[in-house]
Student: 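My questions will all concern the structure given below.
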Amino acid sequence: MTSEIHIQYFAILRDERGCSEETLSTEAKNAAELYEELQKEHGFRLSQQDLKVAINDEFTSWQTPLQTKDKVVFIPPVTGG
Amino acid sequence: MTSEIHIQYFAILRDERGCSEETLSTEAKNAAELYEELQKEHGFRLSQQDLKVAINDEFTSWQTPLQTKDKVVFIPPVTGG
Amino acid sequence: MFSISSEKIMARNLQDSLNNPKAGALVTFEGWVRNLNEGKEVQFLEYEVYPALANKEGQRILEEAQEKFDILGLVCVHRSGGLKVGEMAVWVGVTSVHRGPAFEACQYIIDEVKARVPIWKKEHYVSGDSGWVECHHCAQHVH
Amino acid sequence: MFSISSEKIMARNLQDSLNNPKAGALVTFEGWVRNLNEGKEVQFLEYEVYPALANKEGQRILEEAQEKFDILGLVCVHRSGGLKVGEMAVWVGVTSVHRGPAFEACQYIIDEVKARVPIWKKEHYVSGDSGWVECHHCAQHVH
């Protein structure tokens, strides 16, 4: 099953992706599969265990099933302060 | 032996003594004896172990021998901050 | 109580908002942009923020502090955008009746903000290089 | 670096004196006059100071902090004379490269100042009574 997902990129991921957001159709069932797919395509250097993931502006598990119109953000190690 | 000692009073001791400084002649050999003498005379409620003592603007021991012209201050528990 | 600011942080105004006749103690933390990081001379830096989640997570941290410690008021503001050396990146202020809880809460807030709030720092060096700071915990150079 | 002030403490000026491009952290403590102490409504208070020894002992405390903690700058000012509710009784500010030592040193300084510097507080209550505060340690109501 294909879902339409909105992705926002920040910091190093934005630089590596070359854009700050995109909408795409994916067969990934969850965020883990989605990151794997995108990492292959764009060569992101951070591995999944370095990241956290948010869906619809809340931290969530990598295994949460994706639903059409979800907004996904992969969160590199934070360095504020 | 009599020595001439200058005493400054602060806070509760100043209130109880009714003045902030005095110069007196005493046979007290050290600050402990001097406080005992003054406590008897003025009825200071604080006991020696509640106090610290300074001679010539430095904390010192109650047993330090007094010398003529010494400036003695008895220091009630401090409550700054 | 938690906010992201794209403008210079006005600490004195934030502090005035914490005035309270019951308070005996105010503890504040300010994070400043340093001129050196890991031996490299820093010229300026940029903070990138994921605003929707940063605000939620920042607010959660303040609520946790309020539950954990006996405090009266608390504020935290973090900058976004470009900052020069010496500028303020983050301000935390906490009031309490007695001083212990204000110290503990202030430290808790800045520790958690640095560990959890989705904000990323890119340093621009005098040499012309620049780079995303990798990870506070890994590199052990938290300020 | 340590001083007694008979005038309102100007925190912003003190803080400006700590500016340093090497510093990544500033921690400050402010002690404020509370409206309640041990259940009594406070109207104003007076600090009496033994100046010669207070300045020496305050300066010693700052020197100890400088030796114990990896810090860059430090300032402490304590008021003397009459203060109203809400006014600032004491200000401590410490800068460091990373934030840990600034927190530790700031707390050390205020703890030691309250325990060692010859300053005494007389509270004047709304009821008309007044009295010398007996002893922070004994009464366990340090702020």
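Each chain gets a letter, A, B and so on, in the order the sequences are listed, and its residues count up from 1. Note that these values count all heavy atoms, side chains included, but never hydrogens, waters or copies made by symmetry.
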Student: Strictly distance-based, threshold 3.5 Å: is any side-chain N or O of C/Tyr50 a donor or acceptor partner for the main-chain N or O of A/Ile75?
Tutor: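 No; judged by distance alone, with no hydrogens or angles, the pair does not exist.
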Student: Top residue by heavy-atom pair count (under 4.5 Å) with chain A, among C/Val113, C/Val117, C/Val92?
Tutor: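 That would be C/Val117.
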Student: Could you tell me which portion of A/Asp50 (side chain, backbone, both or neither) has an atom closer than 4.5 angstrom to a non-hydrogen atom of chain C?
Tutor: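 Looking at A/Asp50, nothing touches chain C.
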Student: Mind checking ring pair (Phe, Tyr, Trp, His ring centres under 6.0 Å) for C/Trp91 and listing every partner two or more places apart, or none if nothing turns up?
Tutor: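 With neighbours one apart ignored, the set is empty.
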Student: Report, by ascending residue number, the residues of residues 57-80 of chain C in heavy-atom contact with chain A at a distance under 4.5 Å; give 'none' if the set is empty.
Tutor: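 When heavy atoms of chain A are the reference, residues 57-80 of chain C contributes C/Glu57, C/Arg60, C/His78 within the under-4.5 Å range.
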Student: Does a side-chain heavy-atom distance below 4.5 Å link C/Trp120 with A/Pro76?
Tutor: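 Yes. Closest side-chain heavy atoms under 4.5 Å.
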Student: Using the ring pair (Phe, Tyr, Trp, His ring centres under 6.0 Å) criterion, which residues pair with A/His6? Sequence neighbours excluded.
Tutor: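 Partners of A/His6 under the ring pair (Phe, Tyr, Trp, His ring centres under 6.0 Å) test: none.
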Student: Would you indicate whether C/Arg12, at its atom CZ, is surrounded by more than 12 heavy atoms from other residues, nucleotides or ligands within a distance under 6.0 Å?
Tutor: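 Yes - once you tally the heavy atoms of other residues, nucleotides and ligands closer than 6.0 Å, there are more than 12.
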Student: By a 4.5 Å heavy-atom criterion (distance strictly below it), what part of C/Val49 contacts chain A: side chain, backbone, both, or neither?
Tutor: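 It is the backbone, since no side chain atom gets that close.
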Student: Which pair of non-hydrogen atoms, one from A/Pro77 and one from C/Glu134, has the smallest distance, and what is that distance?
Tutor: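 So the minimum-distance heavy-atom pair works out to CB-O, 3.8 Å.
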Student: Which residues, numbered in order, of residues 52-68 of chain A come under 4.5 angstrom of chain C by heavy-atom distance?
Tutor: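 A/Ala54, A/Asn56, A/Asp57, A/Glu58, A/Phe59 fall under the 4.5 Å cut-off.
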Student: Pair C/Tyr47, A/Thr79 - check side chain to side chain contact (heavy atoms under 4.5 Å, CB included), show working.
Tutor: CA-CA 9 Å; C/Tyr47 282 107; A/Thr79 52; over 6 Å; no
Student: Above 12 or not: heavy atoms from other molecules or residues under 6.0 Å from CD of C/Glu41?
Tutor: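 Atom CD in C/Glu41 is not packed in, count stays at 12 or less.
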Student: Quick one: closest heavy-atom pair of C/Lys121 and A/Gly81, and the distance?
Tutor: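 Smallest heavy-atom distance, with atoms named: NZ-O, 3.7 Å.
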Student: Working to the nearest 0.5 Å, report the span between CZ of A/Phe10 and CD1 of C/Ile119.
Tutor: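 Output value for this atom pair is 11.0 Å.
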